[in-house]
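Shown next, in structure tokens, is the structure this report addresses.
Naming convention: chains lettered A, B, ... in sequence-line order (proteins, then strands); numbering from 1 in each chain.
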Amino acid sequence: MKAFIERENKLLELEAKTGKELLDSLQINPATVLLVKNNEVILPEEKLSETDEVKILSVVSGG
Amino acid sequence: MNCLKCEQKAVYDHLGLRLCKDHFLRYFEKKVADTIKKYDLISEGDKICVAASGGKDSLAVLYCTMLYCRKYKIEFFALAIDEGIKGYRDHTLDDLRAFCKEHDIRLHITSFKENHGSTLDDIREKAMKKLNKKPCTVCGILRRTDLNRAARKLEATKLVTGHNLDDESQSFMMNSLLGNMGHNASLGPITGLNLNEKFVPRVKPLYFVSEKETRLYTFLKGFKVNFAECPNIHLSYRSVIRDKLNELEERYPGTKNGMVNGFLEILPLLKEKYKGKKAFSYCEKCGDACSGKICNACRLESELIQ
């Protein structure tokens, strides 16, 4: 699956069964991001497939 | 998982509350409106100035204030300060201009360059080398001063800011760890301890909503919010506290709510203890209220710019 990390402006190819697993593998704290799949917000528990593209949006203030 | 109130898919799940898009948007707007009413942040006859930067917090607070003010026919406008941080503020201001145009909101923009003769980028190095001050400290002092002066000039009765639950819990923790309990007395949904005619009261409608809720709200509303991080943020003590609090929040959900609700219980005691303790006078240079002969902004100007 593909994951775009907004804060780092980086696109990665990864394997993860759920949003939570994806964040764990990237060592990203779920309290600091929103997960977006096909332009829809998903909860970390949601299952992911190999063809999914997930955006990881940062929720922290920029300044 | 589905919304607790309907059969739609949940987009929000915090402390046992699971909501779909529509129910979350209603929940957020009601929470903000309830905060405004409970603490009397905005009243009939007020002229409201909303401090805006174009980031997610300011767009959310601007939009929710707009809904409230238009519902109760209260005058309001937006005010932005351009600190002069290249590659950061210029982008968020573009987003803000587009947002205000789309929603027919009057926008005033003023700048450090205009008000102090220099941009933050210009004085950043000097602040660190000459005064050993972090750029965020300098920026905070000048921005607070400029917002107050511009709001006063525009005859605003209240200055709305986008400070949220995260900001408040961070400030409380920073002040507490640094032993500045007197500074905590100035926090709360209405900022300030010793109010005077030179100071436009600051109010925080997003006081009880978190950064995560705010970002979710702006995303679901379709507001254009580009992630832009201030290049100076990593130098701030706040960013360290922010990360620690987020670690605690993930491990013990509800930490930030608990901290701010606990703080509100002791706030009246802090206000009683610190109110009137610090005598204030008027700055010899600009006439603003301050605690010494000249205010912090004028002192910085003389040390860094003139």
Tell me whether [X] at atom [atom1] has more than 12 heavy atoms from other residues, nucleotides or ligands lying less than 6.0 Å away.
{"X": "A:Lys55", "atom1": "NZ", "result": "no"}
{"X": "B:Glu250", "atom1": "CD", "result": "yes"}
{"X": "B:Glu114", "atom1": "CD", "result": "yes"}
{"X": "B:Lys5", "atom1": "NZ", "result": "no"}

- Message: Which atoms of B:Lys9 are under 4.5 Å from chain A, going by heavy atoms: the side chain, the backbone, both sets, or neither?
- Response: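 For B:Lys9, the contact with chain A is made by the side chain alone.
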
- So, for A:Leu43 and B:Tyr12, which heavy atoms are closest and what is the spacing to 0.1 Å? CD2-N, 3.8 Å

- Taking all atoms of both residues into account, what is the closest heavy-atom pair of B:Arg215 and A:Leu34, and its distance?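 Heavy atoms of B:Arg215 and A:Leu34 come nearest at CG-CD1, 3.7 Å.
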
- Query: Considering only heavy atoms, which portion of A:Asn39 lies under 4.5 Å from any heavy atom of chain B: side chain, backbone, both, or neither?
  - Reply: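 Both parts, backbone and side chain.
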
- Where on A:Val36 is there a heavy atom nearer than 4.5 Å to chain B: the side chain, the backbone, both, or neither?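 For A:Val36, side-chain heavy atoms alone lie under 4.5 Å from chain B.
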
- Message: Could you check whether any side-chain heavy atom of A:Thr32 comes within less than 4.5 Å of a side-chain heavy atom of B:Glu249, counting everything from C-beta outward?
- Response: no

- Query: Is the backbone of A:Val33 close enough, under 3.5 Å, to the side chain of B:Lys212 for a donor and an acceptor to pair up by distance?
  - Reply: yes

- Check whether any side-chain N or O of B:Asn246 sits under 3.5 Å from a backbone N or O of A:Asn29 as a donor-acceptor pair, and report yes or no.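 No.
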
- Message: Tell me which of these, B:Asp166, B:Leu216, B:Asp243, has more heavy-atom pairs under 4.5 Å with chain A than the rest.
- Response: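 When all of B:Asp166, B:Leu216, B:Asp243 are compared, B:Leu216 has the most.
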
